[in-house]
Amino acid sequence: VQLQESGPGLVKPSQTLSLTCSVSGWSISSGGHYWSWIRQHPGKGLEWIGYIYYSGSTYYNPSLKSRITISVDRSKNQFSLKLSSVTAADTAVYYCARALVYYSSGYYGYFDSWGQGTLVTVSS
Amino acid sequence: EIVLTQSPGTLSLSPGERATLSCRASQSVASNYLAWYQQKPGRAPRLLIYGASTRATGIPDRFSGSGSGTDFTLTIRRLEPDDFAVYYCQQYGGSPANTFGLGTKLEMK
C-alpha cells in the first residue's frame, strides 16, 4: 500500500486547510482498516487528528474535533482532511496513514503504513 | 488522557551495542495496546512493534518490545548504523485519543 498527501503548502490564518490522501495498492473499500491523519509540529512529536472508515464513520481527536472534517471518496480511493479556522499553531507536517483499529471504550489504533508527509505553513 | 513519558530523551551508543528505550504511561494501557515507531529525519515514522511485543512485517528480530500495564520497553540488539533515529511510543488502548510519547533520540556516540 502507498499513500500520498497533496494540497496547498501555505494557508492563511482563519482559513481552512484542505488536504487529500491518495491510496494505491489497496482499496479503501475493502474494509478492515481506518484511514487517518496525523500531524507533527516542526521539531516536535506526533499528534493524531482523526480517522475514517470506508463506510464514512469518523473518529476525531477531541482536542481538534470542533474544527475537523474527514471524508472519503471511495470512487477515487482517496480520503481528505479539512481543518477550519487555522492559526500559526496548525503549522505542521501532515501525514496520512492506514490504521488498524480496536474498540476499547472507543476506537483506537496503530498506524502501519504512512504517506511521506506534507508541510503546511499557516501564514499571511 | 493517557500521557506517555519516554526516557531517556537522548541515548548515545555505538554500533554493536544494545539500546534500551523506556515508555511509561500515566495510567494502565488497556490490553497492552502499545506501539513503537522509528523516524529518520525528513521521513515518515515506520511501525516497528504493536501490541507491545509483536514485530511489524519486515522488522528484524534485533528489535523487541516488552512490558505491560504502564511500563514498556523497546530493545534494539547489536545496533547498526541505520538504527540511529528517533523512536516514538504510542498507546491505542485508552481515551480520549491515541497518544504518542515525545520520543527518544538514539544517536551515534
Side-chain angles (χ1 to χ4, degrees), chain A residues 1-5 19 21 23 25-26 33-52 58-68 70 92-119, chain B residues 1-7 9-10 21 23 25 27-59 65 69 72 74 85-105:
Chain A
V1 60
Q2 293 189 327
L3 301 95
Q4 177 68 58
E5 305 87 353
L19 296 173
C21 182
V23 180
W26 193 276
H33 293 85
Y34 285 65
W35 303 92
S36 318
W37 289 98
I38 297 157
R39 69 182 182 179
Q40 186 170 34
H41 294 101
K44 303 291 186 182
L46 298 153
E47 180 180 30
W48 172 67
I49 297 170
Y51 35 50
I52 190 166
T58 53
Y59 303 92
Y60 298 149
N61 188 326
S63 68
L64 298 167
K65 187 175 183 178
S66 63
R67 298 195 290 133
I68 302 171
I70 297 177
V93 174
Y94 286 76
Y95 295 100
C96 58
R98 188 179 73 173
L100 285 113
V101 171
Y102 299 82
Y103 181 79
S104 176
S105 303
Y107 290 87
Y108 310 103
Y110 64 90
F111 309 97
D112 69 341
S113 295
W114 297 63
Q116 65 184 27
T118 186
L119 174 62
Chain B
E1 174 176 292
I2 297 179
V3 176
L4 299 177
T5 301
Q6 292 189 242
S7 62
T10 301
L21 287 66
C23 177
Q27 55 188 282
S28 184
V29 177
S31 304
N32 295 331
Y33 283 160
L34 193 288
W36 289 93
Y37 302 85
Q38 176 194 68
Q39 186 177 35
K40 296 179 181 177
R43 304 287 297 274
R46 175 175 71 141
L47 177 68
L48 300 174
I49 301 284
Y50 61 93
S53 61
T54 303
R55 275 186 300 277
T57 303
I59 302 303
F72 300 88
L74 174 69
V86 179
Y87 291 84
Y88 293 96
C89 58
Q90 177 234 333
Q91 69 81 23
Y92 52 102
S95 62
N98 303 297
T99 53
F100 293 84
L102 293 180
T104 290
K105 182 179 181 180

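Both backbone and side-chain heavy atoms feed into the values below; hydrogens, waters and symmetry mates do not.
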Rounded to the nearest 0.5 angstrom, the CH2-CD distance for W48(A) and Q90(B) is 10.0 Å
Interface check, chain A: of A56(B), A30(B), A97(B), S31(B), most non-hydrogen pairs under 4.5 Å belong to A97(B)
Does L102(B), at its CG atom, have more than 12 non-hydrogen atoms belonging to other residues, nucleotides or ligands within less than 6.0 Å? no
When the 4.5 angstrom heavy-atom criterion is applied to Y102(A) and chain B, the contacting part is side chain
_Other residues, nucleotides and ligands only: do more than 12 of their heavy atoms fall within 6.0 Å of NZ on K40(B)?_
yes
Nearest heavy-atom approach of L46(A) to F100(B) is O-CD1, 3.4 Å
Would a distance-only check, ignoring hydrogens and angles, find a side-chain to backbone donor-acceptor pair under 3.5 Å from Q116(A) to G42(B)?
no
* To do: Decide if atom CD of Q4(A) counts as having more than 12 heavy atoms of other residues, nucleotides or ligands within a radius under 6.0 Å.
  => yes
When the 4.5 angstrom heavy-atom criterion is applied to A35(B) and chain A, the contacting part is side chain
Only one of W114(A), Y95(A), Y110(A) passes ring-ring contact (aromatic ring centres under 6.0 Å, His included) with Y37(B), and that residue is W114(A)
Okay, Q91(B) and chain A: the region with an atom under 4.5 Å from a heavy atom over there is neither
query = Between N98(B) and G109(A), is there a donor-acceptor pair closer than 3.5 Å when you use the side chain of the first and the backbone of the second?
reply = yes
